Amino acid sequence: MNEVLINDNSFLRQFEANVNGHLAKIEYSSQERKVFLTKLVVPEEITQEDFKEDFIKSVLHHIQDQNLRVVPTSPQIAGFLRKNRQYKEMLPVGIRI
């Protein structure tokens, strides 16, 4: 995994990564020790093959470091979690994907 440098912009409620002047973001909302990942936006100009996966992994590690749970409401992020079962323990009790 290539670590992606992310910024938690709590004012806009999004995790951001600046790549060659282009801003990729994952929008979120938080409630009761859970982070709802609602939307993934990656500009077309970011053409690195594994960028989306590395970006999602970096965000998940950031959330995990804060001992929070994650609820993926974005289809892209839910699909990532389906393929990468090692993050399953980050889901709240009763949430399945």
Side-chain angles (χ1 to χ4, degrees):
M1 173 184 127
N2 294 323
E3 188 71 25
V4 176
L5 183 61
I6 62 169
N7 175 44
D8 180 359
N9 185 335
S10 58
F11 180 72
L12 294 176
R13 292 187 315 244
Q14 62 190 21
F15 295 103
E16 304 169 337
N18 193 329
V19 179
N20 299 327
H22 301 286
L23 188 67
K25 59 187 176 181
I26 295 178
E27 297 175 3
Y28 70 87
S29 64
S30 53
Q31 172 185 356
E32 298 176 6
R33 312 243 351 115
K34 293 184 208 98
V35 178
F36 294 78
L37 301 177
T38 57
K39 187 176 181 182
L40 171 65
V41 179
V42 178
E44 294 176 4
E45 293 84 6
I46 300 176
T47 57
Q48 297 152 332
E49 188 174 321
D50 294 331
F51 175 77
K52 282 184 185 178
E53 285 194 7
D54 292 339
F55 183 34
I56 293 170
K57 286 178 186 178
S58 294
V59 168
L60 291 174
H61 287 249
H62 176 77
I63 293 169
Q64 194 171 40
D65 289 345
Q66 296 179 10
N67 294 319
L68 298 174
R69 298 287 179 192
V70 66
V71 180
T73 59
S74 160
Q76 291 173 301
I77 296 172
F80 172 84
L81 287 171
R82 255 185 237 105
K83 287 191 295 186
N84 297 274
R85 304 304 269 168
Q86 68 267 29
Y87 296 104
K88 185 178 177 181
E89 76 276 355
M90 291 183 69
L91 296 171
V93 174
I95 300 290
R96 292 178 153 191
I97 53 166

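Everything numeric in this text was worked out from a predicted model, so none of it was measured.
Applying the salt bridge (charged side-chain N to carboxylate O under 4.0 Å, His left out) rule to pairs touching residues 19-32 yields K25-E27, sequence neighbours excluded. For residues 17-56, the set of pairs meeting the ring pair (Phe, Tyr, Trp, His ring centres under 6.0 Å) definition, not counting sequence neighbours, comprises F15-Y28, F51-F55. The list of salt bridge (charged side-chain N to carboxylate O under 4.0 Å, His left out) pairs with a residue in residues 86-97, not counting sequence neighbours, is empty. Among pairs with a residue in residues 42-52, none fulfils salt bridge (charged side-chain N to carboxylate O under 4.0 Å, His left out), at least two apart in sequence or across chains. Residue pairs meeting the side-chain hydrogen bond (donor to acceptor under 3.5 Å, both in side chains) criterion with at least one partner in residues 68-85, sequence neighbours excluded, are absent.
With rounding to the nearest 0.5 Å, the separation of CD1 in I56 from NE2 in H61 is 11.5 Å. One distance of note links NZ of K39 with OG of S29; it measures 13.5 Å at 0.5 Å rounding.
In this pair, F80 and Y87 present their aromatic rings tilted. The plane angle is within the 30 to 60° band.
Shortest non-hydrogen contact noted between V4 and S58 is N-OG, 3.1 Å. Between I95 and L91, the shortest heavy-atom distance links the atoms O-CD1, 3.9 Å.
Two residues are said to be in side-chain contact when any heavy atoms from C-beta on lie closer than 4.5 Å; L60 and L81 meet this criterion.
Atom CG of N20 has 12 or fewer neighbouring heavy atoms from other residues, nucleotides or ligands inside a 6.0 Å radius.
Linking ILVMFWY side-chain heavy atoms closer than 4.5 Å, directly or via other members, places V19 and I6 in a single hydrophobic cluster. Residues L68 and L37 share a hydrophobic cluster, clusters being chains of Ile/Leu/Val/Met/Phe/Trp/Tyr side chains in contact below 4.5 Å. Neither V59 nor V71 shares a network with the other; the hydrophobic side chains, linked directly or stepwise wherever heavy atoms of I, L, V, M, F, W or Y lie under 4.5 Å apart, form separate groups for each. Residue I26 is grouped with residue I97 when hydrophobic side chains (ILVMFWY) are merged at heavy-atom distances under 4.5 angstrom, including chains of intermediate members.
Hydrophobic cluster membership of F11, counting Ile, Leu, Val, Met, Phe, Trp and Tyr whose side-chain heavy atoms lie under 4.5 Å apart directly or via other members: L12.
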Fill in: Worked check of side chain to side chain contact (heavy atoms under 4.5 Å, CB included) between V70 and I77
CA-CA 10 Å; V70 66; I77 296 172; 5.8 Å; no
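Every residue two or more places apart in sequence or in another chain was checked for a salt bridge (Lys or Arg N to Asp or Glu O under 4.0 Å) with E16, and none qualifies.
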